[in-house]
Trainee: 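What follows is a single structure, and I will ask about it in a moment.
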Amino acid sequence: MTQNFIPEQAIIRKIIHENEQISTFRLELTNKNLPFTFLPGQFLMLSVPHCGEAAISISSSPDTLPLIDLSIRKAGELTTAIHSMTEGDQVGIRGPFGKPFPMEDFANRDLLFIAGGIGLAPLKSVIDHFLFQSTTEDNAAQSITLLYGCRSPADIAFNEVITSWREQGVDCRLTVDEKDSSWNGNTGLVTELLDHFKTSSNTRSLVCGPPIMIRFVIARLSAMGCDDTSIFTTLERHMKCGVGLCGHCHLDGKLVCLDGPVFSLDQLKKLDVMEFSR
Amino acid sequence: MTNSIGELVGADVLLITGSNTTETHPQIGRNILQAVDRGAKLIVIDPRKTDIARQAHIHLALRPGTDIALINAMMRVILDEDLADDLFISMRTENFIALRDYLHRLDLSELAKITGIDQATIHEAACIYARSSKSVICYCLGVTQHTCGTNNVQAVANLAMLTGNVEKKHSGVDPLRGQNNVQGACDMAALPAVLPGYQNLADMEIRSRFEAVWKCSIPATTGKSLTEMTHNGKDGAIKAMFIMGENPALSDPHLGRVKETLNTLEFLAVSDIFLTETAQLADVVFPAASFAEKGGTITNSERRVQICRRAIAPIHNCRPDSHIIMELGKRINCPGMEFDNDAEIMEEISLLTPIYGGMHYDRLAENHGLQWPCPYRNHPGTEFLHKYYFARGKGCFTITEHQEPFEKTENKYPFTLVTGRGSYHHYHTATMTRNSRRLVRECPQALLEINSEDCDNLKLRDGETVELRSRRGAVQIPIQITDRVKPGTVFSSFHFFEVPINELTVDAMDPQSKCPELKVCSVNLRKVAHD
Amino acid sequence: MIDLRELILDKDKLYPLLRKLKKEARLIAPVKNDHGDTLFTTIEDIDTTRIDLENQPQESLKPFFLPQQETVASYSVLNGEYTFTPPEPAQDTIFFGVRSCDLTALLYMDLIFSKPAKDATYYDRRNHSLVITLGCNQPFDNCFCEATSSGPYLEYGYGLQFIDLGDCYYVSAGRGRGADLLEKWGYFFREVTKKDQNRRYQLFLEARGQFTKNIQVTHACQKLQKETVAEEIWEKLSQRCYDCGGCAYVCPTCTCFSVDDMPQGRSNGIRIRSWDACTSSGFTRMTGGHNPIDRTRHALKRRFLHKLKYDFANHGKASCTGCGRCVDICFGGVDITTFIDLFTGQETP
């Protein structure tokens with residue numbers, strides 16, 4: 001098997017405008033014969049013409065292949081460029097890369113998802129997959145709860161998806177740091193949503209968001225009695241290859257693209273990690 | 001430099017003043033650190049806690065513009081402790097008594113207050129410097145870019161002569177030049193009052209020697225300095241300018257006046273390798289060849305003339321500076337513009353310039369070049385200067401008095417702004433370096449260094465954009481909270497066209513050198529409204 | 001590994017052999033240029049080029065297998081089609097006069113670029129090359145290859161190893177292309193005698209005794225597996241790291257890189273892989289500004305732990321080859337030997 005930085009061609013089939021900063025790009029490989037598949041938690045290296053590549057988590061579940069969703073927030077040159085593309089335009093993808101979430105371990109569990117901002121994107125892949133499984137198999141989740149925090153109501157992404165989740169029995173609780181006149185929901189940090197939540201030994205927690213949010217949420221979960229092996233997060237790092245070569249995603253002897261991006265707290269405690277330093 | 005760079009490793013005390021050496025002179029910085037690793041003592045004088053200051057045994061973080069007070073205090077301590085080199089003073093210098101009497105009248109506690117450094121530390125630094133017979137002083141633009149810059153240098157020379165630390169190996173006074181060939185440019189008299197080799201323009205005999213070779217008559221009057229030219233103003237005497245490889249539209253002080261000058265010229269020609277801010281204002285732009293596309297010699301801080309050979313052919317239509325000058329010269333009927341190659345140019349230089357007398361190309365090709373003075377063909381070059389006598393004969397002590405900077409802080413402008421190069425990644429208005437993706441990645445934007453105490457008082461967050469304003473102009477710039485600057489002082493680089501810090505700086509100049517006071521002006525700052 | 005073949009090449013047969021080899025492939029060997037620099041250079045004219053086997057080449061083999069800038073693909077965006085093309089294939093090349101440390105580095109790079117998949121351009125170059133090494137009878141000033149088990153002579157991994165016995169070379173072949181070469185050009189060589197073997201062994205012992213640097217590499221590696229490095233050591237070192245990237249660039253085993261697309265027109269461009277250095281802050285900084293590494297305290301942490309702790313744990317030996325090039329180049333005097341001395345207690349912080 002060789003690796004060569006040459007992506008597969010993909011077409012943007014649909015663009016879903018989540019909010020001012022975030023859009024979901026629904027891609028399909030133009031070569032339908034490629035045996036492409038992935039697991040929730042994995043990411044792609046996305047090529048945008050003239051902009052190079054960036055690592056983006058897959059936000060759809062494998063059940064909706066051959067369509068692949070990348071939910072992207074406008075942040076730098078490449079992400080801004082893709083936001084000015086239209087349906088029918090072509091991009092390139094390499095992957096999938098990274099260790100996925102341990103889905104077998106999540107069967108029959110009480111799944112607790114805690115997300116901040118765009119951090120909901122990789123978790124969405126897991127939620128959608130378990131909702132799909134609940135209609136067909138019996139190793140679905142026992143329960144699914146989502147605690148989702150954003151800076152303001154305008155920053156909330158996946159509004160329609162959340163509505164659909166609620167209809168499918170997902171307990172979705174939202175909060176914002178700063179409300180506006182339209183907001184009737186919770187205000188405050190997402191950790192405060194944990195005040196009204198009970199965990200048990202059957203709980204599996206998946207956390208994703210800004211580094212400082214991950215730190216506080218995980219500390220809170222531990223304080224609530226959750227075992228280190230039951231708490232998972234997916235880490236973001238600067239990446240250039242996705243295959244453990246370029247060195248940029250180094251993490252205390254590990255490489256986030258190969259040994260992660262999904263990590264359990266148990267694994268992270270053995271490492272010197274920014275998200276947990278003072 | 002009076003020393004050669006390699007001698008620094010063998011010094012026992014290195015006094016670095018107004019120089020951010022590891023950032024601006026990495027090879028010299030390396031020599032300094034090797035000396036420290038050998039056991040040498042390092043004293044750094046700089047208002048900022050630069051990387052080299054962090055390595056120092058003593059960091060004298062003086063208030064900007066108080067170098068003379070500090071050095072006078074150190075000299076007074078040396079006299080009080082009986083550490084002056086009496087033999088050297090009596091044999092090699094003049095005017096010592098006047099300086100000695102002046103120093104004795106000074107009040108050390110007053111000087112300490114002026115500099116912001118406590119007496120005990122000044123005392124310790126002075127003794128360390130004076131006790132060693134292998135003490136070297138290196139200085140750079142932090143000393144010269146002041147309205148009292150010439151006096152600052154004189155004070156440094158006083159200090160070295162007082163302790164006899166200037167006539168031998170591993171001791172001396174070493175100005176570190178700001179660009180790779182500014183020494184060479186000065187040697188060739190890109191200066192208003194001398195002929196090549198620092199020969200006196202006013203001397204008729206010297207002028208006639210040049211006139212014979214150059215076949216023209218040379219005016220005996222002093223020309224204009226850089227700042228005088230770029231601050232000529234809209235009604236000034238200068239009507240046309242040719243600017244080569246310099247970007248005054250970003251690098252000169254008080255940019256408002258620079259732009260007024262450049263915009264009201266009748267004609268502006270610029271020669272550069274990129275379309276700089278200055279080139280954008282020009283009527284004619286000559287695309288110049290870069291260092292890799294042309295040959296020639298470069299003279300570095302240690303007076304070493306080295307050949308640089310062309311590595312690649314000029315790309316597209318760009319031409320070496322020599323070609324541009326010769327072609328222009330021919331078109332204005334300037335005689336002597338027919339040199340076939342660099343060796344021929346060098347021959348004329350060695351014919352007319354005594355310190356370059358023996359610098360022929362075949363000699364320069366061996367041994368990484370030659371150090372001037374090198375007066376004749378067999379001369380081996382000169383490692384360190386002033387071995388037996390100074391250029392003027394005996395060294396002269398000159399009394400220098402502390403002088404406050406041109407612009408003082410006051411209620412309306414309570415901060416002192418210091419400007420400089422600011423990072424390892426950008427060079428002089430970043431005309432070259434901002435074309436490198438990697439260098440831009442490492443240093444993508446201008447930042448204002450400000451102390452955390454000042455930020456607490458003004459309720460500023462790291463990275464927040466502030467408006468920085470002086471009497472002359474304003475910029476918006478994000479802040480970086482750091483202990484590198486003391487409370488009351490802020491620092492910015494001058495590379496980023498979107499943050500043209502020289503809109504704020506003052507064009508007051510040293511009366512002799514005409515060097516502008518880029519190191520001190522007063523500013524205020526305030527939050528910018530959030531978007 | 002047992003040498004499959006051992007022969008002697010008299011010195012006056014060296015250039016005739018190289019002439020033959022040069023007809024089959026590009027021949028690259030150390031040559032001293034007019035400025036006194038010894039660099040790996042393509043030999044154009046075998047009759048007028050003097051190969052320099054006295055001085056250490058300034059660069060390792062890294063630029064030939066992982067070039068400082070390499071086009072890994074070209075792309076075009078035309079009529080809605082976004083397509084990529086692989087680069088030109090590599091040229092057959094024979095490297096002669098490579099030192100043990102630099103071959104050791106190459107073997108390390110082979111490992112790195114083969115997992116989790118074989119790197120296309122690296123292996124294209126590798127599969128088209130033969131490396132002929134020259135053992136060092138005389139270490140250079142900054143060398144410490146013995147401490148890193150990468151010299152002065154190699155015991156395995158080479159294609160062909162030459163040892164200079166004075167008037168001839170003792171040539172050992174590994175597998176593959178090295179053995180093939182001895183087969184094909186056997187008539188240049190003669191049999192090894194007992195005297196030759198004794199002389200080789202004697203020179204080996206003498207070489208081992210001539211290192212001027214005593215760097216406790218294995219001790220440091222073992223200690224790193226058990227102990228955390230004190231923060232003061234990282235901070236002291238990082239304060240003298242001025243982000244020049246020199247160490248990463250000259251190091252034969254530094255393989256970290258960046259990949260960027262460079263447009264060359266409105267509808268096409270190239271994808272370039274270029275050397276990068278983990279000592280820079282932008283190496284880990286994410287879009288948006290978060291940086292998991294604070295280089296003011298930890299500029300050198302990743303670099304030294306990678307070479308001495310993680311690679312020792314994963315591969316059984318440090319990836320530092322003791323070539324001494326970082327010692328030559330570092331502006332702050334904080335090369336890997338400084339760290340090893342500090343950490344093993346040879347020096348007080």
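Below, chains carry the letters A, B, ... as their sequence lines are ordered, and counting in each starts from 1.
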Trainee: Identify which part of C/S76 has an atom lying under 4.5 Å from any heavy atom of chain A, answering side chain, backbone, both or neither.
Mentor: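 C/S76 has no heavy atom closer than 4.5 Å to chain A.
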Trainee: How far apart are the closest heavy atoms of A/S47 and C/R271, and which atoms are they?
Mentor: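 Smallest interatomic distance, heavy atoms only, reads OG-NH2, 2.8 Å.
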Trainee: Under 4.5 Å heavy-atom distance to chain C, tell me which part of A/L258 shows up: side chain, backbone, both or neither.
Mentor: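 Side chain only.
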Trainee: Given that the side chain runs from C-beta out, which part of C/D311 has a heavy atom under 4.5 Å from chain A: side chain, backbone, both or neither?
Mentor: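 C/D311 has no heavy atom closer than 4.5 Å to chain A.
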Trainee: What part of C/K301 lies closer than 4.5 angstrom to a heavy atom of chain A: side chain, backbone, both or neither?
Mentor: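 When you check distances to chain A, only side chain atoms of C/K301 fall under 4.5 Å.
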Trainee: Checking A/Q3 side chain against C/A117 main chain: does a donor-acceptor pair fall under 3.5 Å?
Mentor: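 A pair under 3.5 Å: no.
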Trainee: How long is the straight-line distance from OH of C/Y122 back to OG1 of A/T2, given to the nearest 0.5 Å?
Mentor: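 The OH atom of C/Y122 is 15.5 Å from OG1 of A/T2, to the nearest 0.5 Å.
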Trainee: Would you indicate whether the side-chain heavy atoms of A/Q90 and C/E81 approach each other to under 4.5 Å?
Mentor: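 C/E81 vs A/Q90: side chains touch.
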Trainee: Heavy-atom distance under 4.5 Å to chain A: side chain of C/R285, backbone, both or neither?
Mentor: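 The answer is the backbone of C/R285.
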Trainee: Picking from C/S114, C/G282, C/A73, C/G80, which has the most non-hydrogen pairs under 4.5 angstrom with chain A?
Mentor: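 Most pairs with chain A among the choices: C/G80.
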Trainee: Heavy-atom pairs under 4.5 Å with chain C - which of A/G76, A/G52, A/P49, A/A75 has more of them than the others?
Mentor: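 Of the options given, most contacts go to A/P49.
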Trainee: What part of C/F283 gets within 4.5 angstrom of chain A, counting heavy atoms only: side chain, backbone, both, or neither?
Mentor: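 Contact with chain A involves both backbone and side-chain atoms of C/F283.
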Trainee: Less than 4.5 Å to any heavy atom of chain A: does that hold for the side chain of C/Y82, its backbone, both, or neither?
Mentor: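 Contact with chain A: backbone and side chain both.
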Trainee: For C/M262, does the CE atom sit with more than 12 other heavy atoms under 6.0 Å from it, leaving out its own atoms?
Mentor: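 Counting neighbours around CE of C/M262, 12 or fewer heavy atoms of other residues, nucleotides or ligands fall under 6.0 Å, so no.
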Trainee: Which bit of C/F113 is near chain A, if near means a heavy-atom gap under 4.5 Å: side chain, backbone, both or neither?
Mentor: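 Both the backbone and the side chain of C/F113 come within 4.5 Å of chain A.
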Trainee: Side chain, backbone, both or neither: which part of C/P86 has a non-hydrogen atom closer than 4.5 Å to chain A?
Mentor: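 Backbone plus side chain of C/P86, per the 4.5 Å heavy-atom cut-off to chain A.
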Trainee: When you look at CD of C/E88, are more than 12 heavy atoms from neighbouring residues, nucleotides or ligands closer to it than 6.0 Å?
Mentor: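 At most 12 heavy atoms, drawn from other residues, nucleotides or ligands, come within 6.0 Å of this atom.
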Trainee: Please state whether the side chain, the backbone, both or neither of A/V256 comes within less than 4.5 Å of a heavy atom of chain C.
Mentor: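 The answer is neither part of A/V256.
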Trainee: Are any of the side-chain heavy atoms of C/D119 and A/F5 separated by less than 4.5 Å?
Mentor: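 In contact.
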Trainee: To the closest 0.5 Å, what do you measure between CG (A/L251) and CD1 (C/I293)?
Mentor: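 Separation between the atoms: 8.0 Å.
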Trainee: If we only count heavy atoms from C-beta on, is the C/S267 to A/H50 side-chain gap below 4.5 Å?
Mentor: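 They are not in contact (no side-chain heavy atoms under 4.5 Å apart), so the answer is no.
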Trainee: Which residues in residues 239-249 of chain A have a heavy atom less than 4.5 Å from any heavy atom of chain C?
Mentor: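 From residues 239-249 of chain A, the residues near chain C are A/K240, A/C241, A/V243, A/L245, A/C246, A/G247, A/H248.
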Trainee: For chain C, which residues from residues 80-89 of chain A lie under 4.5 Å away (heavy-atom distances)?
Mentor: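 Expected list: none.
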Trainee: Please tell me if the side chains of A/H238 and C/T284 come closer than 4.5 Å, counting only heavy atoms from C-beta onward.
Mentor: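 Not in contact.
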Trainee: With chain A as the partner, which of C/H306, C/R273, C/K309 has the greatest number of non-hydrogen pairs under 4.5 Å?
Mentor: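 Max contact count across the listed options: C/R273.
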Trainee: Who among C/D261, C/V77, C/L305 has the most heavy-atom pairs with chain A under 4.5 Å?
Mentor: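 If we count pairs closer than 4.5 Å to chain A, C/D261 comes out on top.
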